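Right, one structure below, let's go through it.
Everything numeric in this text was worked out from a predicted model, so none of it was measured.
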Amino acid sequence: MDTDRLPGCYRHPDRDTGISCARCERPICPECMISASVGFQCPECVREGSGTGHRPTANAPRTIAGGVVAADPHLVTKILIGINVLVFLAVLADPALAVRMELIGRYREFAYLVGPVHGVSTGEYHRLLTSVFLHVEWWHIIGNMIGLWVIGGPLEAALGRVRYLAVFLLSGLGGSALVYLLSEPNVPTLGASGAVFGLLGATVVLAKRLRYEMRPVIVMVVLMLVLTFVPLGGALTVSWQAHVGGLVTGALVGVGMLMPAAGRHRALVQWGTCAVAFLLAVMLILIRTAELT
């Protein structure tokens, strides 16, 4: 038996430490120790009123990405599903709403006449995100919402609410940007599948970070990409641009969110990665707008 080994942190037993809480004397690792007027204290002693001046959330349990562990770890996913369902019902009540929300680059009303021009290229940039919440077929919204729940729920629990929402929105924007760049400008696109693919990309990064068995995740990615590129016939048309754009964006943001070497600069790395993803999408949007105007 190694009697010289340092004790393990009371919250992370696998982490040896020579630092103890100044109040309760429990061993604490660098992640758990909180500066006090004298020495360091553990999160429990701080919560009991040690007077360090930290915000209450500073001592709350954290996810692997640094987000606060919430009482309902799937709340944002439920809200996103609710928004999609509400928009779907609104479109059923007013079909003209879909025309104002769908992603389209540039089209002219009354094609063979002189009519007003609409689309992202005319400054209607809201379409890049409103289209992510838009569905006009029942099978389309059911499929996407099942994917959002199955993939998004566990990812939200792992990242925390704010970081998870950032992955979803940036993935939706990244998918829309690639659609806008590569699709015909007068062909409308809609649906949350680009954002869902982004969540899948971040899930791949998470599984790698946690050293999970990768084969099931890789099989899921390959299967979804096959369904993207293989024609299924009928009226179903899949936007591979949205899927690929969302997948790449989600994976990129996921790498930033889950980078293990970030240390104390984790928040800077995470939100810096989000800023880079956003600026890349903006660059694609500006390039395409310049082509169409």
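Side-chain atoms of T17 do not come within 3.5 Å of backbone N or O of G8 as any donor-acceptor pair. A donor-acceptor pair under 3.5 Å links the side-chain atoms of R127 to the main chain of E102, judged by distance alone. Judged by distance alone, the side chain of T130 and the main-chain N or O of M101 form a donor-acceptor pair under 3.5 Å. The main-chain N or O of I285 is found under 3.5 Å from a side-chain atom of T289 such that the two form a donor-acceptor pair.
I142 and L86 are not part of a single hydrophobic cluster, where members link through side-chain heavy atoms under 4.5 Å apart. In terms of hydrophobic clustering, with Ile, Leu, Val, Met, Phe, Trp and Tyr side chains grouped at heavy-atom distances under 4.5 Å, L268 and F278 are assigned to different clusters.
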Could you pull out every donor-acceptor pair under 3.5 Å between side chains of residues 218-227 and any protein atom, sequence neighbours left out?
none

Check: residues 152-166 side-chain donor-acceptor pairs under 3.5 Å, at least two apart:
{"unit_1": "E156", "atom_1": "OE1", "unit_2": "V76", "atom_2": "N", "d": "3.4"}
{"unit_1": "E156", "atom_1": "OE1", "unit_2": "T77", "atom_2": "N", "d": "2.9"}
{"unit_1": "E156", "atom_1": "OE1", "unit_2": "T77", "atom_2": "OG1", "d": "2.8"}
{"unit_1": "E156", "atom_1": "OE2", "unit_2": "L75", "atom_2": "N", "d": "3.2"}
{"unit_1": "E156", "atom_1": "OE2", "unit_2": "V76", "atom_2": "N", "d": "2.9"}
{"unit_1": "R161", "atom_1": "NH2", "unit_2": "D72", "atom_2": "O", "d": "3.2"}
{"unit_1": "R163", "atom_1": "NE", "unit_2": "A65", "atom_2": "O", "d": "3.2"}
{"unit_1": "R163", "atom_1": "NE", "unit_2": "Q270", "atom_2": "OE1", "d": "2.8"}
{"unit_1": "R163", "atom_1": "NH2", "unit_2": "Q270", "atom_2": "OE1", "d": "3.2"}
{"unit_1": "Y164", "atom_1": "OH", "unit_2": "T77", "atom_2": "OG1", "d": "2.9"}

Which pairs would a plain distance check flag for residues 185-206, meaning a side-chain donor or acceptor within less than 3.5 Å of a matching protein atom at least two apart in sequence or in another chain?
{"unit_1": "S193", "atom_1": "OG", "unit_2": "H243", "atom_2": "NE2", "d": "3.0"}
{"unit_1": "T203", "atom_1": "OG1", "unit_2": "L199", "atom_2": "O", "d": "2.8"}

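Residue R11 is tested with C29, P43, P27 for a side chain to side chain contact (heavy atoms under 4.5 Å, CB included); the sole match is P43.
Residues in residues 71-97 take part in these ring-ring contact (aromatic ring centres under 6.0 Å, His included) pairs, two or more places apart or across chains: H74-W149. Sequence neighbours left out, not one pair with a member in residues 270-287 passes salt bridge (Lys or Arg N to Asp or Glu O under 4.0 Å). The salt bridge (Lys or Arg N to Asp or Glu O under 4.0 Å) contacts involving residues 200-215 comprise E213-R215, where partners must be two or more places apart or lie in separate chains.
At a threshold of 4.0 Å, the pair E124-R100 does not count as salt-bridged, since none of the basic side-chain nitrogens sits closer than that to a carboxylate oxygen.
Using a 4.5 Å heavy-atom cutoff, the side chains of C32 and C9 are in contact. Side-chain contact check for E137 versus I141: every heavy-atom pair is 4.5 Å or farther apart. Residues T273 and M257 fail the side-chain proximity criterion, which asks for heavy atoms closer than 4.5 Å. Side-chain atoms of M145 and N84, non-hydrogen and from C-beta on, do get closer than 4.5 Å to each other. Inter-residue side-chain proximity for V85 and F133 is flagged as unmet; no heavy-atom pair is nearer than 4.5 Å. A heavy-atom distance below 4.5 Å is found between the side chains of L292 and R288.
Residues S121 and Y180 bring no donor and acceptor atom of their side chains to less than 3.5 Å of each other.
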Q.
I'd like to know whether S176 forms a side-chain contact (heavy atoms from CB on, under 4.5 Å) with V132, so could you lay out the CA-CA distance, the side-chain angles of the two residues, the decisive distance to 0.1 Å, and finally the verdict.
A. CA-CA 8 Å; S176 293; V132 174; 3.9 Å; yes
Q | Candidate pair V253 and S171, rule side-chain contact (heavy atoms from CB on, under 4.5 Å), full reasoning | A | CA-CA 8 Å; V253 177; S171 298; 5.9 Å; no
Q) Run the side-chain contact (heavy atoms from CB on, under 4.5 Å) check on F168 and L148 step by step: do they pass? A) CA-CA 10 Å; F168 180 89; L148 178 55; 3.9 Å; yes
Q.
Using the rule given for side-chain contact (heavy atoms from CB on, under 4.5 Å), can you reason through V120 versus R106, listing the C-alpha separation, both sets of side-chain angles and the distance that settles it, and then say yes or no?
A. CA-CA 6 Å; V120 177; R106 188 178 185 87; over 6 Å; no
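Scanning both residues, C42 and I28, for their nearest heavy atoms gives CB-CG2, 3.7 Å.
Heavy atoms from other residues, nucleotides or ligands lying under 6.0 Å from OH of Y125 number more than 12.
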